[in-house]
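By convention in this document, chain letters (A, B, ...) are assigned in the order of the sequence lines, proteins followed by strands, and residues within each chain are numbered from 1. Keep in mind the model is a prediction, meaning the values are calculated, not measured.
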2 protein chains.
Amino acid sequence: MYEDLKYWYLRDHKLFRTLSFGQIRQLCIITGFKKAQKGEIIYFSSSDLPRIFLLKKGNIKIVAVDEEGNETIKDIIQKGDLFGELTLEADSQSNEYAKVLSDDVAICSFLMSDFEDLLLRNPSMALSYTKFVGLKMKRIKNSYANLISKDAKTRLFQFLKDWAEKEGVRTENTVVIDNYLTQNDMAQIICTSRQTATQLLNEMETNGTIVYSRKEIIITDMRKL
Amino acid sequence: MYEDLKYWYLRDHKLFRTLSFGQIRQLCIITGFKKAQKGEIIYFSSSDLPRIFLLKKGNIKIVAVDEEGNETIKDIIQKGDLFGELTLEADSQSNEYAKVLSDDVAICSFLMSDFEDLLLRNPSMALSYTKFVGLKMKRIKNSYANLISKDAKTRLFQFLKDWAEKEGVRTENTVVIDNYLTQNDMAQIICTSRQTATQLLNEMETNGTIVYSRKEIIITDMRKL
DNA sequence: AACCATTTGTCGGCTATATTACAGTTACTG
DNA sequence: CAGTAACTGTAATATAGCCGACAAATGGTT
């Protein structure tokens, strides 16, 4: 991987646009780069130094494993998203891994400590980053508020709506989403059982609201969602 | 309110400890200061410039009102906490107010824009602030994770435990908490109905786990919680 | 083609919790 | 001290959605 290519990989993220070549090179010296295939599991080894990751291509899910071995989906990361220790505080006890959902992914990473140095030298970037973290917080708050106050059906609707808006391809009022999730994944995201999710999806299919297959989901009329 | 007193009000918050007198004076020039009594309602008027608040004394709750007029508790703010537009992004549509829970409160505030200027001039403070926001995010994530995966009883236990640790006065293994919340408040915080909360509290009382009154809550044995 | 793992579909029974409804208790206010 | 508003207590009913169990479909692999 050539230095200048790495440069562009970081540069085209809005957070890094204001940086000069020199500034990014500081990060790049230690920038990691990784490709992976569908189904692969990427561990954030806690022995390693804490890092911040940038997903350049594809989709992954972050899965947390609790004491009893239950797996819960913490986050779905899409192209262009930053993930990892965004709070700039390493937390050791969390037991998480990432699983590749799309056919292949490309991931950049850099050390948290280097990123901190960069922020110290770039106050305006530090401010942007603070706002970025704040925005993330607001989103999380919102989605949790949904989880708590709405029923499973509404949650699924909302989820599909968000997904369609973020990644769907729209023509007229129908939206086609590339479906890289299983019904079980979706159930976990909207915090319900797999069975309930299945039932709701089928219900929507018989209603004509969506056409569901393992490859793609078609929302026939976005306005009705 | 004398300038130097305002200075100390800000200065003794850990976030502002690194600032010089001069730096804080910048904020102080426009620092607001306010006292209020129990039951008073403080509106964050959206017409006003966005502010960041610091609760110097007492307790307040932040209540959000949705379209249908339902009220939900968004946050309980305690002495020393920052609140308001922590994300540094004004958001206009949110309809929130603060209600004073303790006998009286003292609140400092300063303009978000002034705070931003300060962060731009103090990169290391910007970094601390980012970590602070991050910590807040982590807490929120945690409490929501509890809300979703645990049942009402566990949630109440957890809530009491947290409360006792934060504000309780401990002697041996018994903890006394100054109870400025109604059972309805608690129910809202742990996201359950008032009736369920009442039942659970009574159950705990007959079990001997707690002694409940409107003035204080005594946890007889902290180890059993 | 045969096999196996994963994903999806379906069905009752079960339980925690919301909801409705009302009664009793506290504590402030004139 | 009476009156009222805000809390707290209790019980009966209704239900969303979890769970276990199993069958069917799909898709990849040898």
Side-chain angles (χ1 to χ4, degrees), chain A residues 37-41 61 63 68-73 99-103 146-160 178-207 210-217, chain B residues 37-41 61 63 68 70-73 99-104 146-159 179-207 210-217:
Chain A
Q37 305 297 306
K38 186 167 190 165
E40 265 187 70
I41 287 177
K61 64 175 175 185
V63 181
E68 291 115 44
N70 302 314
E71 305 205 329
T72 46
I73 292 185
K99 186 166 186 184
V100 179
L101 294 173
S102 52
D103 288 339
N146 264 322
L147 279 184
I148 289 164
S149 59
K150 320 281 189 200
D151 65 359
K153 193 173 196 165
T154 319
R155 263 143 49 199
L156 181 60
F157 268 70
Q158 189 61 48
F159 165 72
L160 283 176
D178 173 40
N179 181 17
Y180 49 83
L181 296 174
T182 66
Q183 294 187 354
N184 195 18
D185 286 335
M186 293 182 219
Q188 283 189 60
I189 292 169
I190 63 167
C191 280
T192 188
S193 66
R194 199 222 83 224
Q195 291 90 323
T196 311
T198 303
Q199 268 186 352
L200 290 171
L201 283 170
N202 289 335
E203 196 182 295
M204 287 172 84
E205 184 137 35
T206 49
N207 278 351
I210 60 165
V211 180
Y212 184 92
S213 81
R214 292 189 184 182
K215 285 212 195 75
E216 59 182 22
I217 300 174
Chain B
Q37 305 297 306
K38 186 167 190 165
E40 264 187 72
I41 287 177
K61 64 177 175 183
V63 181
E68 291 114 45
N70 302 313
E71 305 205 329
T72 47
I73 292 186
K99 187 167 186 183
V100 179
L101 296 172
S102 52
D103 288 340
D104 52 359
N146 264 323
L147 280 183
I148 289 164
S149 60
K150 320 281 188 201
D151 65 359
K153 193 172 195 164
T154 319
R155 262 140 53 198
L156 181 60
F157 268 71
Q158 189 61 48
F159 165 72
N179 181 16
Y180 49 82
L181 295 174
T182 65
Q183 295 187 353
N184 195 19
D185 286 335
M186 293 183 218
Q188 282 189 60
I189 292 169
I190 63 168
C191 281
T192 187
S193 66
R194 199 221 82 222
Q195 291 87 327
T196 312
T198 303
Q199 269 185 351
L200 289 172
L201 283 170
N202 289 336
E203 197 182 295
M204 288 172 84
E205 184 138 34
T206 49
N207 278 351
I210 59 165
V211 180
Y212 183 91
S213 81
R214 291 190 185 182
K215 287 214 194 73
E216 59 182 23
I217 299 174

For atom [atom1] of [X] and atom [atom2] of [N], their distance in whole Å:
X: B:Asp103; N: C:dA27; atom1: CG; atom2: P; answer: 14 Å
X: A:Met204; N: C:dT8; atom1: CE; atom2: P; answer: 15 Å
X: A:Tyr180; N: C:dT7; atom1: OH; atom2: C1'; answer: 18 Å
X: B:Gln183; N: C:dT26; atom1: CD; atom2: C1'; answer: 12 Å
X: A:Asp185; N: C:dT7; atom1: CG; atom2: C1'; answer: 11 Å

List the residues meeting side-chain hydrogen bond (donor to acceptor under 3.5 Å, both in side chains) with [X], not counting sequence neighbours, and say none if there are none.
X: A:Glu216; answer: none
X: A:Asn146; answer: none
X: A:Ser193; answer: A:Thr196
X: B:Lys150; answer: none

Reading 5' to 3' through nucleotides 10-22 of chain C, protein heavy-atom contacts under 4.0 Å coded B for base, S for sugar-phosphate only, - for none
B------SSBBB-

What range of DNA chain D does chain B touch, first nucleotide to last, counting atoms under 4.0 Å from its heavy atoms?
D:dC7 to D:dT10

Rounded (10°) bend between the five-pair end axes of the helix from C:dA1-D:dT30 to C:dG30-D:dC1
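For the helix from C:dA1-D:dT30 to C:dG30-D:dC1, the axes at opposite ends meet at about 40°.
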
Identify, with sequence neighbours excluded, every residue that meets side-chain contact (heavy atoms from CB on, under 4.5 Å) alongside A:Lys61.
A:Val63, A:Ile73, A:Ile76, A:Lys99, A:Leu101, A:Asp185

For B:Arg214 and for A:Arg214, locate the closest nucleotide of DNA chain D by heavy-atom distance; then report the residue assigned to the nucleotide nearer the 5' terminus.
B:Arg214

Using 0.5 Å steps for rounding, measure from the CD atom of A:Gln183 to the OH atom of A:Tyr212.
4.0 Å

Applying ring pair (Phe, Tyr, Trp, His ring centres under 6.0 Å) to B:Tyr180 and not counting sequence neighbours gives B:Trp163

Side-chain touch B:Gln188/B:Leu181, heavy atoms, less than 4.5 angstrom:
no

Considering only residues two or more places apart or on different chains, which pairs with a residue in residues 192-204 of chain B satisfy salt bridge (Lys or Arg N to Asp or Glu O under 4.0 Å)?
B:Lys153-B:Glu203

May I have all residue pairs that pass ring-ring contact (aromatic ring centres under 6.0 Å, His included) and include part of residues 183-205 of chain B, sequence neighbours excluded?
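Sorted pair list comes back empty.
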
Partners passing salt bridge (Lys or Arg N to Asp or Glu O under 4.0 Å) against B:Asp104 (at least two apart in sequence or in another chain)
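Residues passing salt bridge (Lys or Arg N to Asp or Glu O under 4.0 Å) with B:Asp104: B:Lys57.
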
